[in-house]
Every structure is written in C-alpha cells, then in structure tokens.
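The structure under discussion appears below in the form of structure tokens.
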Amino acid sequence: MCLIMETDDHEAVVLASPSNFSMVEDGIYRSGFPRPENFSFLKTLNLRAIIYLCPEPYPEENLKFLEANNIKLYQFGIEGKTDPPTPMPKDTVLDALRVLVDVRNHPILIHCKRGKHRTGCLVGCLRKVQSWCLSSVLEEYQKNAGLKWRQRDLNFIETFDIVSLRQCLLSIMYQYHGYGFKRRRLAYEEENVQTPKPQAAKV
C-alpha cells in the first residue's frame, strides 16, 4: 500500500506502508515489520504505541523513530518457530490484549515479522472480545495469513478463553456499547487523570 502526498513545494511524495498493512478498527492497525522506508507512512497514523510480537531486539533505527515521535513500544516475545512448532503462550497473548484494548494507547500498530501468524492470533482473540462469530474470526485470520495459514493458530484462537480479559476490562472501568469499538466509552474514577508521556520501552 502506498500514499501519494504533496509537499509544500508541490512535489509528489510516495509513502510506502509496511508489508501486509491494514486497518483492524478505528485506531488499530496491523502489519509486517516496519522498515525505515515505511517511517514516513507511519507518521501519518499519529501512533501512540506499537505492539511488537517477536522476541528479537527492536532495531536501533526503529527505536530512534519511536523516540522521535513519542511512540511507546510494548514488546511481547512470542517465538514463531515451525520446526518444532512453538505453541502460542496464552498468558502473553492476554497481556498483549490488555495493552491493545486500552484506548489510551490508540492509535496503535500490531506487528510481528510478516504480520500474519502471531499478529493474526492476537487480532483473532480481539475479535472474540468483540463478540464476533467464530467463523468470521477464523475467516479473517485465513484471509490475512494467505496460503500459509496454520491449523494450530486456528485451534488457539478457537479455544482462547477471554473470560479473564473481560474481568480485567470491568476492573479498569471500560464499558462497551454495541458491536465494535466505535461505540465504546472509557470512564475514569477521576476526571483529571495524568498519563505518562509515551516513550519507547519494553514490557
């Protein structure tokens, strides 16, 4: 995906998105690993946070981009090995979901290496929180994973228990109205809540 923007000098500039980029919901995006040539595109999203689902250290040039744009990094190191296959860690996915549903982190980008399997599992679990029917959840995963979809990922999404996450949502006073995220409301116990300035950091 590319965007063409016009500069103040009336010159056309092409902005390249990361691989497999798409919008999940208003304020939630997914993609493959962002490269330096994607930074100008990411600036247009006004991101507050990035969820990174790989165990490898984040590249220094990417960290500098986050720091320069006040974007906070949440890293959840999930192995992506296929030989032997590595099971998705439920507790880690649950922790990532807690960050993902917190609207104070939006706009937010989710990514792994290719934006297919680990990212697809997290988005699939999010859809279950949103009460999507299971067939639609699995269809979305397969569509984004393409020919390399994995049965074990579908099994993980299908059996993922969201009860504990719903309890967490209640405890931090989130209230959902309607089918998706567009009708949600975040209530605070106090009106003047001071939140820390976003910055690059590991979880």
Side-chain angles (χ1 to χ4, degrees), residues 1 3 15-35 38-56 58-59 62-78 88 91-130 132 137 140-141 144 157 160 162 165-166 168-169 172-176 178-188 193 195-203:
M1 177 180 175
L3 290 177
L15 306 180
S17 68
S19 62
N20 297 320
F21 175 85
S22 65
M23 177 185 286
V24 178
E25 287 280 342
D26 287 346
I28 301 178
Y29 306 93
R30 61 181 292 171
S31 74
F33 205 105
R35 302 185 180 278
N38 307 134
F39 291 168
S40 294
F41 175 87
L42 294 181
K43 279 186 177 181
T44 68
L45 303 180
N46 297 314
L47 296 174
R48 290 185 180 177
I50 285 179
I51 291 179
Y52 173 46
L53 299 174
C54 302
E56 295 79 12
Y58 218 52
N62 289 57
L63 286 175
K64 289 180 179 179
F65 169 76
L66 299 190
E67 291 170 357
N69 291 275
N70 291 322
I71 301 171
K72 188 168 185 178
L73 176 65
Y74 293 93
Q75 181 172 2
F76 300 93
I78 300 175
M88 290 289 291
D91 289 344
T92 304
V93 172
L94 186 61
D95 288 341
L97 274 173
R98 290 190 178 104
V99 172
L100 181 58
V101 300
D102 190 334
V103 295
R104 291 168 292 186
N105 293 322
H106 296 180
I108 190 169
L109 173 70
I110 314 161
H111 79 82
C112 48
K113 285 188 177 178
R114 295 179 177 85
K116 294 182 177 182
H117 304 111
R118 285 167 282 194
T119 298
C121 285
L122 182 59
V123 172
C125 294
L126 170 68
R127 297 309 193 193
K128 293 187 71 173
V129 175
Q130 294 177 294
W132 277 35
V137 174
E140 181 183 43
Y141 166 87
N144 283 279
I157 294 170
F160 186 79
I162 61 172
L165 179 62
R166 290 189 185 278
C168 173
L169 291 174
I172 58 177
M173 301 180 66
Y174 279 96
Q175 297 181 26
Y176 289 88
Y179 182 66
F181 272 26
K182 293 182 179 179
R183 296 181 181 178
R184 83 201 138 185
R185 177 166 60 87
L186 172 60
Y188 293 99
V193 175
T195 56
K197 185 176 181 181
Q199 57 183 350
K202 278 189 178 182
V203 171

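Across all non-hydrogen atoms, the minimal contact from Lys116 to Asn144 is CG-O, 3.7 Å. Minimum interatomic distance between Ser31 and Leu109 (heavy atoms only, all atoms of both residues): OG-CD1, 3.6 Å. The two residues Cys125 and Leu97 have their closest heavy-atom pair at CB-CD1, 3.7 Å. Of all heavy-atom pairs between Leu53 and Cys112, the closest is CB-CB, 4.2 Å. Scanning all heavy atoms of the two residues, the minimum distance from Ile71 to Leu47 falls at CG1-O, 3.4 Å. Residues Ile157 and Lys128 share a closest heavy-atom pair of O-NZ, 2.9 Å.
Remark: Met88 CE to His117 NE2 distance equals 11.0 Å, nearest 0.5 Å. Here the CG atom belonging to Asn20 is positioned 8.0 Å from the CZ atom belonging to Arg30, to the nearest 0.5 angstrom. Atoms CG and OG1, from Leu15 and Thr44 in turn, are 6.5 Å apart once rounded to the nearest 0.5 Å.
Remark: Arg127 engages Glu25, Glu140 in a salt bridge (charged side-chain N to carboxylate O under 4.0 Å, His left out) (not counting sequence neighbours). Take Asn62 and apply the side chain to side chain donor-acceptor pair (under 3.5 Å) test, not counting sequence neighbours, and it matches no residue.
Side chain of Asn38 to backbone of Arg35: a donor-acceptor contact under 3.5 angstrom is found.
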